[in-house]
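Contents: one structure, followed by commentary.
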Amino acid sequence: MAESSSSSPTEEIVRLIKRLSGYVAFKMSSLFSTTPIRNLDSRSIGAIAGLAIAVIFTWRAIRTQPGEPQRRRPKRRMQSDESSSSAPPPPPDVLDVVDHFFQTGNPTLGQIVRQRLSEGRKVTCRLLGVILEESSPEELQKQATVRSSVVEVLLEITKCCDLYLMERVLDDESEAKVLQALETAGVFTSGGLVKDKVLFCSTEIGRTSFVRQLEPDWHIDTNPEISTQLARFIKFQLQVSAAKPERTAPNVFTSQSIEQFFGCA
């Protein structure tokens, strides 16, 4: 019998495997030749993991025998039907699958928040200088103003984390002003943050005590002394300061604003 001029599914699979091997070798060599392993960020590591997943699922698809019946498909009982059925087309080009993980796209704010927080589940954050325009308890006696640029970040944090806000105030009127400002800004509308999770105290030590009792994965503050004191007990911290000071500990990050830390400033 004469051999068919068109390539068989097996030959097509072998060709795709060779192309995939060369493509993977090129991508990995390019990645590690330009970026030392110790300097890989979370997005690079995610790309590598995505590539590994693509290779695994592609290999599993390739191993499936042509013409093999699907798991829930009834078996064919007539030999004539089996012999007459044509083999399914070869799997799609694996390069399309791998390229999907290397496409350059803009991640959403929610994705950035989850990545930056390292999948943390509980966050504590002070109000003055981070969420509010005001920077001292004395100013809160006059007014409380939520920074408009921070609302979207807060709402994204509440979608993936248990968020607690806290601040030192001088009187009950200041507490009322803060709660009213947060409500007006729409912070309570998403359902992730409620008024019971906005905590007030009369001293800086009180705020430190709140954080230690809650045991968050992340704490956000502006006071470097508190950041230093909590470095031994809290997994990660973000110190917000206009001066952008040097990091006081490996687990204490610094930024000029919470928006800048999450890349939306």
Side-chain angles (χ1 to χ4, degrees), residues 109-110 113 116-117 120-230 233-234 236-244 252-262 264-265:
L109 178 59
V113 168
R116 294 293 280 169
L117 293 179
R121 288 293 177 263
K122 184 182 290 187
V123 177
T124 55
C125 177
R126 83 165 303 179
L127 288 160
L128 286 173
V130 181
I131 310 301
L132 301 177
E133 296 281 359
E134 292 74 25
S135 58
S136 68
E138 289 76 16
E139 292 181 75
L140 291 180
Q141 291 181 303
K142 301 177 181 178
Q143 64 179 13
T145 309
V146 175
R147 301 172 59 234
S148 59
S149 58
V150 83
V151 174
E152 187 177 4
V153 176
L154 280 182
L155 295 179
E156 289 297 336
I157 293 176
T158 59
K159 292 178 182 179
C160 62
C161 299
D162 191 13
L163 176 64
Y164 290 83
L165 303 179
M166 55 190 64
E167 192 48 66
R168 178 172 73 93
V169 295
L170 302 179
D171 49 42
D172 294 341
E173 288 75 14
S174 297
E175 293 185 20
K177 287 183 175 64
V178 170
L179 292 174
Q180 182 60 48
L182 293 172
E183 185 172 11
T184 302
V187 175
F188 299 129
T189 57
S190 66
L193 180 65
V194 295
K195 292 182 179 181
D196 289 342
K197 292 183 179 180
V198 182
L199 311 176
F200 299 96
C201 56
S202 58
T203 64
E204 294 290 271
I205 296 176
R207 190 166 78 253
T208 304
S209 178
F210 280 156
V211 176
R212 292 199 52 186
Q213 291 176 21
L214 291 169
E215 297 181 341
D217 299 299
W218 279 82
H219 176 62
I220 305 172
D221 212 295
T222 60
N223 190 329
E225 294 182 3
I226 289 183
S227 298
T228 301
Q229 295 171 10
L230 294 174
F233 309 103
I234 307 303
F236 298 110
Q237 290 188 83
L238 172 62
Q239 182 180 340
V240 176
S241 173
K244 202 168 191 305
V252 178
F253 299 85
T254 60
S255 180
Q256 293 181 331
S257 68
I258 189 174
E259 307 96 296
Q260 185 183 73
F261 181 72
F262 291 109
C264 58

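If you read the sequence from its start, that first residue is 1, and numbering goes on from there. No experiment lies behind these values; they were computed from the predicted model shown. Any value given below was found using the heavy atoms of this structure, including those in side chains, with hydrogens, waters and symmetry copies removed.
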Minimum-distance pair of heavy atoms, taken over all atoms of [X] and [Y]:
X    : Y    : value
G129 : V240 : O-CG1, 4.1 Å
Y164 : L214 : CG-CD1, 3.8 Å
A144 : A181 : O-CB, 3.3 Å
V169 : F200 : CG1-CD2, 3.6 Å

Checklist entry - Out of T124, N223, V211, which one pairs with L230 under the side-chain contact (heavy atoms from CB on, under 4.5 Å) rule? => result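 With L230 as partner, T124, N223, V211 yield a single side-chain contact (heavy atoms from CB on, under 4.5 Å), made by V211.
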Nearest 0.5 Å, please: how far is [atom2] in [Y] from [atom1] in [X]?
X    : Y    : atom1 : atom2 : result
E133 : Q143 : CD    : CD    : 9.5 Å
T189 : L182 : OG1   : CG    : 11.5 Å
D221 : I234 : CG    : CD1   : 11.0 Å
S257 : L238 : OG    : CG    : 9.0 Å
S255 : Q239 : OG    : CD    : 10.5 Å
I258 : I220 : CD1   : CD1   : 4.0 Å

Are [X] and [Y] packed together at the side-chain level, in the sense that at least one heavy-atom pair is separated by less than 4.5 angstrom?
X    : Y    : value
L165 : C125 : yes
V178 : L127 : yes
V146 : T184 : no
Q229 : R212 : no
M166 : C201 : no
E167 : I131 : no

Under 3.5 Å donor-acceptor, [X] side chain and [Y] backbone:
X    : Y    : result
E156 : L109 : no
Q141 : S174 : no
Q256 : S241 : no
Q180 : A176 : no

Item to check | side-chain contact (heavy atoms from CB on, under 4.5 Å) between F188 and V198, worked out | outcome: CA-CA 11 Å; F188 299 129; V198 182; 4.1 Å; yes
Checklist entry - Should L117 and D217 be marked as a side-chain contact (heavy atoms from CB on, under 4.5 Å) after you check the CA-CA gap, both sets of side-chain angles, and the distance that decides it? => result CA-CA 8 Å; L117 293 179; D217 299 299; over 6 Å; no
Next on the checklist: Atom CD of residue position E225 - does it have more than 12 heavy atoms of other residues, nucleotides or ligands inside 6.0 Å?
Outcome noted: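 Not buried by this count: 12 neighbours or fewer within 6.0 Å.
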Next on the checklist: Other residues, nucleotides and ligands only: do more than 12 of their heavy atoms fall within 6.0 Å of CD1 on I205?
Outcome noted: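 Atom CD1 in I205 is not crowded, with 12 or fewer foreign heavy atoms closer than 6.0 Å.
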Next on the checklist: Please determine whether a side-chain nitrogen of the Lys or Arg among E215 and K122 lies less than 4.0 Å from a carboxylate oxygen of the Asp or Glu.
Outcome noted: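 Looking at E215 and K122, the cut-off is not met.
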Checklist entry - So, for W218 and F261, is the gap between ring centers shorter than 6.0 Å? => result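 Yes; F261 has its ring centre under 6.0 Å from that of W218.
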Item to check | Option among E152, E259, E134 that satisfies the salt bridge (charged side-chain N to carboxylate O under 4.0 Å, His left out) test with R147 | outcome: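 Result for salt bridge (charged side-chain N to carboxylate O under 4.0 Å, His left out) with R147: E259.
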Item to check | Audit row: T145, L132, side-chain contact (heavy atoms from CB on, under 4.5 Å) steps and yes/no | outcome: CA-CA 5 Å; T145 309; L132 301 177; over 6 Å; no
Checklist entry - Going through the distances and angles, do L140 and L128 end up as a side-chain contact (heavy atoms from CB on, under 4.5 Å)? => result CA-CA 9 Å; L140 291 180; L128 286 173; 3.8 Å; yes
